[in-house]
Amino acid sequence: MSRLLDNLNTEQLAAVTLPAQSALILAGAGSGKTRVLTTRIAWLLQTGQVSQSGILGVTFTNKAAKEMLTRLGAMLPINTRGMWIGTFHGLCNRFLRAHYREAALPQTFQILDTADQLAAIKRLLKALNVDDEKFPPRELQHFINAQKEAGYRANAVEAWDEFTRRRVELYAEYDAQCQREGVVDFPELLLRAYELLERNEPIRRHYQLRFRHILVDEFQDTNRLQYLWLKLIAGFASETPAAVFAVGDDDQSIYGFRGAEVGNMRDFEREFRVANVIRLEQNYRSHGNILDAANAIIANNSQRLGKNLWTDQGAGEPIRVYEAVADMDEARWVVEEIQQLVREGAARGDIALLYRSNAQSRVLEHQLFSTGLPYRVYGGLRFFERQEVKHALAYLRLIANPDDDTAFARVVNFPTRGIGARSLEQLQDAARMFNTSLYATVPHLNGKPAQSIGAFVKLVEELRRETADLSLPEMIDHVLEVSGLRAHYRAEREGQERLENLDELISAATGFLHDDSAPVEGEESLPGDPLSRFLAHASLEAGEHQADAGQDAVQLMSVHAAKGLEFDVVFITGLEDGLFPHENSIQEHEGLEEERRLMYVAVTRARKRLYLSLAQSRMLHGQTRYAVKSRFFDEIPEGLLKWLTPRVQQGFGQHYTPSRGDSFTTSAPRQPSRDLIGFRIGQQVRHARFGAGVIVSAEGSGQDARVQVNFGSGGGMKWLALSVAKLEAA
DNA sequence: TACTATACGGTTTTT
DNA sequence: CCGTATAGTA
């Protein structure tokens, strides 16, 4: 036991060895959060307070779950396989597979990822003849998911207006369709699990008795439903509630836009009667100046639970700031600086380029590429999201569950088999009439579609029969060949990489079987057949999106993607008001605070050296945009910054020479420039109320002429009618 | 049915 | 600017 607790600081030790009560650990960036979490589990096990099966460990990403298991395995001589440590979704999937009957699901239920769900919604709208102009599928998807994540079924949603009432109806129709097809979307995994626990007392009792210690990572990212689920499974109101060990950092809550509720931390403290709130404030990652900047920035937020990071590492270097004229100059400077660092011995993999939005990577990539510096960009398509892989999976899904209409619609005519829109429409109408799945409707067809689609059904049945006794990889190989997928991509000019990905799918299945089917000690074997488990795995773990260490390449990623990572050298680029903080978030107080937390996350990624950079002009959506420097600069003590470029007073447009293409080219096809004489894009202006700003864009002419001005911290992005607003050139 | 033109929209993202 | 989605044509 002593070994285990060696080298923990006072707070970490206190957290790890807390008594079996609910506790909230406020873990600042770089304070050893994961270590505390895993050591806590190890300590609980080693001291015999709980058995392996009595622990429930919840994370948000598969990566975090895997890391926890790996570290745990390194600390104790135990077989961690079979432990209930995983993501919310992964654990709920496991739970629902074990109790599929009680959850009213087919044993082979499939999981829709975001794209599948959208396709299912589009199909539904079409079948119901709903005008998708009035009810955009994406918007409806967001509505449905938001309701589910708040814990509401369609019948529980309060609808006051006609529009919402209709959306609620569609929500109900969508759920009915999913049920008919035997598929569940991501939020459904949680909601279904929650409802089953709530409704079924024996099952609830069983799990409440079993999980005595529940540990939750990144608690600030939980949404309403996840919190409700935790409450339920912990039996928080019962005589013998489980001990919930919640670790999180309200200052790093950056997923509010997708439903995360920081407020859950406060609710947790109150509702679970948390007696112990422990703050981990010693930072082992960053030098002092970097930490001071981060602390200063985040101090501007209200409603914090309160925390101040410190380090004993010394101040280190100042934060370097570079102000470029244009985005291309910014990129050029970044790359030169990196080359210099590499010459001085830095490893490329220890250098990260961060940006607020992915579109910004383009210029940086271009510059890196032309310099020949190896780099890696995170945030693209993931393996299981590639179309060829999804096509292959669709065949497998049909084998497992023929009622999966999403899979059916995806591959019924891929590779093409002469089944056109007409035939499909006929089939969908018939399916609606008989209230059966597409697959089950085919025998009812007559005429030409009966032939063509009938042949497809025969193919799937043949595949199912022929692969019944094959191993998973053999099965996939057979399906790829007989379905014609391989032939299709072999014939395609650019099909080589797709073929390789299909082979990779077979390897993935081999690897999955290896990890998945090893015997588990003292634990029931995982429920479901290998195929269904593999398909669930493919939906739940679309492949790595987040960076992993290793390769010696400069790392490019959004600030969101950088959360949880650290680098010796970090560049935060594009620090312009309107970009970072993003203009869409500047308006509301809440939005701006989340942007600030994002900035806090970005800054705290750096170990030794931090660069901040901005560009006075930037190509965005095919237009040159002008901006003032980010208001976050004003929140960092001047003494921490070292400006590498001369500081210009209010200084934009000063280095600026108008060039071709900079005149008013706007989305409005009228000829505005004539009427805007005296103003041009990029110009410094002054407004009585908002102060100094820069004209960012313009539209309209004459009386309608409007300009968009970025006033930075004085008022953000504003549209002003020139005929009304008193703007003067500054 | 498959290919090409055009229109549109464009933070952040895991599961 | 640039990728995606839909409409239109061979």
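Note on naming: letters A, B, ... go to the chains in the order of the sequence lines (proteins, then strands), and numbering restarts at 1 for each one.
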Are more than 12 heavy atoms, taken from residues, nucleotides or ligands other than A:E497, located less than 6.0 Å from that residue's CD atom?
no
Shortest side-chain distance from A:H582, nucleotide among B:dT15, B:dT13, B:dT11:
B:dT11
Residues in salt bridge (charged side-chain N to carboxylate O under 4.0 Å, His left out) contact with A:D185, at least two apart in sequence or another chain
A:K148
Would you call A:F257 stacked on B:dT12, i.e. ring centres under 5.5 Å apart with the planes less than 30° off parallel?
yes
Side chain of A:N300, backbone of A:I297: donor and acceptor closer than 3.5 Å?
yes
Would you find more than 12 non-hydrogen atoms of other residues, nucleotides or ligands less than 6.0 Å from A:F257 atom CZ?
yes
Aromatic rings A:F143 and A:Y171: how do their planes relate, parallel, tilted or perpendicular, breaks at 30° and 60°?
perpendicular
A:D132 CG - B:dC8 P separation (whole Å):
15 Å
For A:R153, is the CZ atom crowded, meaning more than 12 foreign heavy atoms sit under 6.0 Å from it?
yes
Side-chain donor-acceptor contacts of residues 573-581 of chain A below 3.5 Å, not counting sequence neighbours, with atom names and distances?
from: A:T573; atom 1: OG1; to: A:L354; atom 2: O; distance (Å): 3.0
from: A:E576; atom 1: OE1; to: A:R618; atom 2: NE; distance (Å): 2.9
from: A:E576; atom 1: OE2; to: A:A615; atom 2: N; distance (Å): 2.8
from: A:E576; atom 1: OE2; to: A:R618; atom 2: NH2; distance (Å): 2.7
from: A:D577; atom 1: OD1; to: A:R631; atom 2: N; distance (Å): 2.7
from: A:D577; atom 1: OD1; to: A:R631; atom 2: NE; distance (Å): 3.2
from: A:D577; atom 1: OD2; to: A:R631; atom 2: NE; distance (Å): 3.2
from: A:D577; atom 1: OD2; to: A:R631; atom 2: NH2; distance (Å): 2.7

Given B:dT13, is OP1 or OP2 found less than 4.0 Å from the side-chain N or O atoms of A:N358?
yes
What is the distance from CZ of A:R382 to C1' of B:dT14, rounded to the nearest Å?
7 Å
Ranking A:R417 and A:G622 by the position along DNA chain B of their nearest nucleotide, the one closer to 5' is A:R417
OP1 or OP2 of B:dT15 under 4.0 Å from side-chain N/O of A:N62:
yes
Would you tell me if any nitrogen or oxygen in the side chain of A:S585 comes within less than 4.0 Å of OP1 or OP2 on B:dT11?
no
From CZ of A:R422 over to C1' of B:dT1, roughly how many Å is that when rounded to an integer?
9 Å
To the nearest Å, how far apart are A:L540 CG and B:dT14 C1'?
11 Å
Do the side-chain N or O atoms of A:S558 get closer than 4.0 angstrom to the phosphate oxygens (OP1, OP2) of B:dT11?
no
Starting at CG of A:D221 and ending at P of B:dT14, how long is that distance when rounded to a whole Å?
12 Å
A:H621 side chain: which of B:dT11, B:dT14, B:dA2 is closest?
B:dT11
Specify the residue among A:E595 and A:E149 whose closest nucleotide of DNA chain B lies further upstream toward the 5′ end.
A:E595
Separation of atom CD in A:E385 from atom C1' in B:dT13, rounded to whole Å
10 Å
For the pair made of CD in A:Q220 and C1' in B:dT14, what is the distance, rounded to whole Å?
14 Å
Taking O4'-C1'-N9-C4 for purines and O4'-C1'-N1-C2 for pyrimidines, is B:dT12 syn (within 90° of 0) or anti?
anti
Bounds of contact between DNA chain C and chain A, in 5' to 3' order, using a heavy-atom cut-off under 4.0 Å:
C:dC1 to C:dG3
Indicate, with a heavy-atom threshold strictly under 4.0 Å, whether A:F88 touches base, sugar-phosphate, or nothing.
nothing
Contact class for A:I586 (heavy atom, under 4.0 Å): base, sugar-phosphate, or nothing?
nothing
Are A:F456 and A:F408 an aromatic pair by the rule of ring centers under 6.0 Å?
yes
For the pair made of CE in A:M557 and P in B:dT11, what is the distance, rounded to whole Å?
21 Å
